[in-house]
Amino acid sequence: MDAKKFGAFLAAVRRENGLTQKALAEKLYVTDKAVSRWERGIGLPDVNTLEPLSEALGVSVLELIRSEKGNDGGDHTAELISAAAAILQANTRQEYTATALAIFTTLVSGLLFYTGGLGNWGGSLFFGALLSVAQVSLFYLLEGRKDRTSRIIYTVSGLLAVTAAGLLLLLSL
């Protein structure tokens, strides 16, 4: 699935339906920034969002995936599965990035905490884990891939992790 072609199609169909990005986002329980990213071809919606998106725009899921109107009525199961797999692969890449960030942050900050004489290995890795929670929360916030509730969760978890890491650092000094 070509993200740029999908985005152009999505924007055109949204406008045909007289919807703003914000109105469409509210129907899908995502942010208007997520809709904007899709329309700019920066990302694709989650697979679970395709059906509600098609309903909100009055087009079929197949038309969304093909990024063009019109359906010949044939069996397109293989095409739908292939498109779903492509979307899942794109989302999985984002999760791998978050995991790599978490591991790297935990190890590096834990090592710095330990070599600075601020704690033993267990405490140092715990400190690193707290910082990695904050960093991954920030990563997902900047990705803007989730709805408002998820953004609140990322913000709160990030702030709690930073606060806990700061307190741990102060107690270690």
Side-chain angles (χ1 to χ4, degrees), residues 1-4 6-7 10-11 14 19-56 64 81 83-173:
M1 219 165 101
D2 181 347
K4 294 283 186 191
F6 176 84
L10 177 62
R14 176 185 56 78
L19 293 170
T20 63
Q21 288 180 343
K22 184 174 183 171
L24 179 59
E26 288 172 356
K27 288 183 174 201
L28 301 173
Y29 302 104
V30 298
T31 65
D32 56 338
K33 289 179 181 162
V35 174
S36 172
R37 286 174 36 108
W38 302 338
E39 289 185 357
R40 290 180 289 144
I42 295 174
L44 294 168
D46 187 81
V47 172
N48 297 326
T49 307
L50 290 178
E51 188 174 1
L53 181 59
S54 72
E55 290 172 5
L64 272 179
I81 291 172
I87 292 171
L88 286 173
Q89 184 179 15
N91 289 339
T92 302
R93 217 174 293 121
Q94 186 180 44
E95 290 166 11
Y96 284 144
T97 302
T99 302
L101 280 171
I103 292 169
F104 179 77
T105 301
T106 299
L107 293 177
V108 170
S109 58
L111 182 63
L112 291 173
F113 197 83
Y114 179 74
T115 57
L118 298 172
N120 61 20
W121 264 113
S124 298
L125 289 177
F126 181 71
F127 175 78
L130 288 172
L131 290 182
S132 71
V133 168
Q135 185 177 27
V136 169
S137 295
L138 178 64
F139 171 74
Y140 279 128
L141 270 173
L142 294 176
E143 286 293 309
R145 69 177 206 146
K146 294 289 182 183
D147 60 317
R148 183 176 184 272
T149 303
S150 295
R151 285 183 22 233
I152 291 170
I153 291 170
Y154 295 142
T155 301
V156 170
S157 65
L159 290 174
L160 287 174
V162 167
T163 303
L167 288 173
L168 185 60
L169 185 60
L170 286 174
L171 291 173
S172 299
L173 295 175

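Not measured: the values here are computed from a predicted model. The chain is numbered in sequence order, starting from 1.
Residue-environment remark: CD (Glu51) stays at or below the threshold of 12 foreign heavy atoms within 6.0 Å.
Judged as a side-chain hydrogen bond (donor to acceptor under 3.5 Å, both in side chains), and not counting sequence neighbours, the contacts of Ser137 are Ser157. Looking at residues two or more places apart in sequence or on another chain, you find no ring pair (Phe, Tyr, Trp, His ring centres under 6.0 Å) involving Phe6. Residues meeting the side-chain hydrogen bond (donor to acceptor under 3.5 Å, both in side chains) test with Ser54, sequence neighbours left out: none. Scored by the side-chain hydrogen bond (donor to acceptor under 3.5 Å, both in side chains) test, Glu39 finds Arg14, Gln21 as partners (sequence neighbours excluded).
Looking at heavy atoms from C-beta onward, Leu24 lies out of side-chain contact with Val30 at the 4.5 angstrom threshold. The side-chain heavy atoms of Tyr29 and Thr49, taken from C-beta on, include no pair separated by under 4.5 Å.
Listed by first and then second residue, the side chain to side chain donor-acceptor pair (under 3.5 Å) pairs that reach into residues 160-173 come to none, sequence neighbours excluded. Listed by first and then second residue, the side chain to side chain donor-acceptor pair (under 3.5 Å) pairs that reach into residues 115-133 are Thr106-Ser132, sequence neighbours excluded.
Contact record, Ala161 with Ala134: CB-N, 3.8 Å, taken as the closest heavy-atom pair.
If you take CG on Leu170 and CG on Leu118, they are separated by 11.0 Å, rounding to the nearest 0.5 Å. In this structure, Leu131 CG and Leu168 CG are separated by 9.0 Å, a value rounded to the nearest 0.5 Å. The distance from atom NZ of Lys4 to atom CD1 of Ile42, rounded to the nearest 0.5 Å, is 6.5 Å. Separation of atoms CH2 (Trp38) and CG (Leu53) is listed at 6.0 Å; rounding is to 0.5 Å. Rounding to the nearest 0.5 Å gives a distance of 11.0 Å between CG of Leu125 and CG of Leu130.
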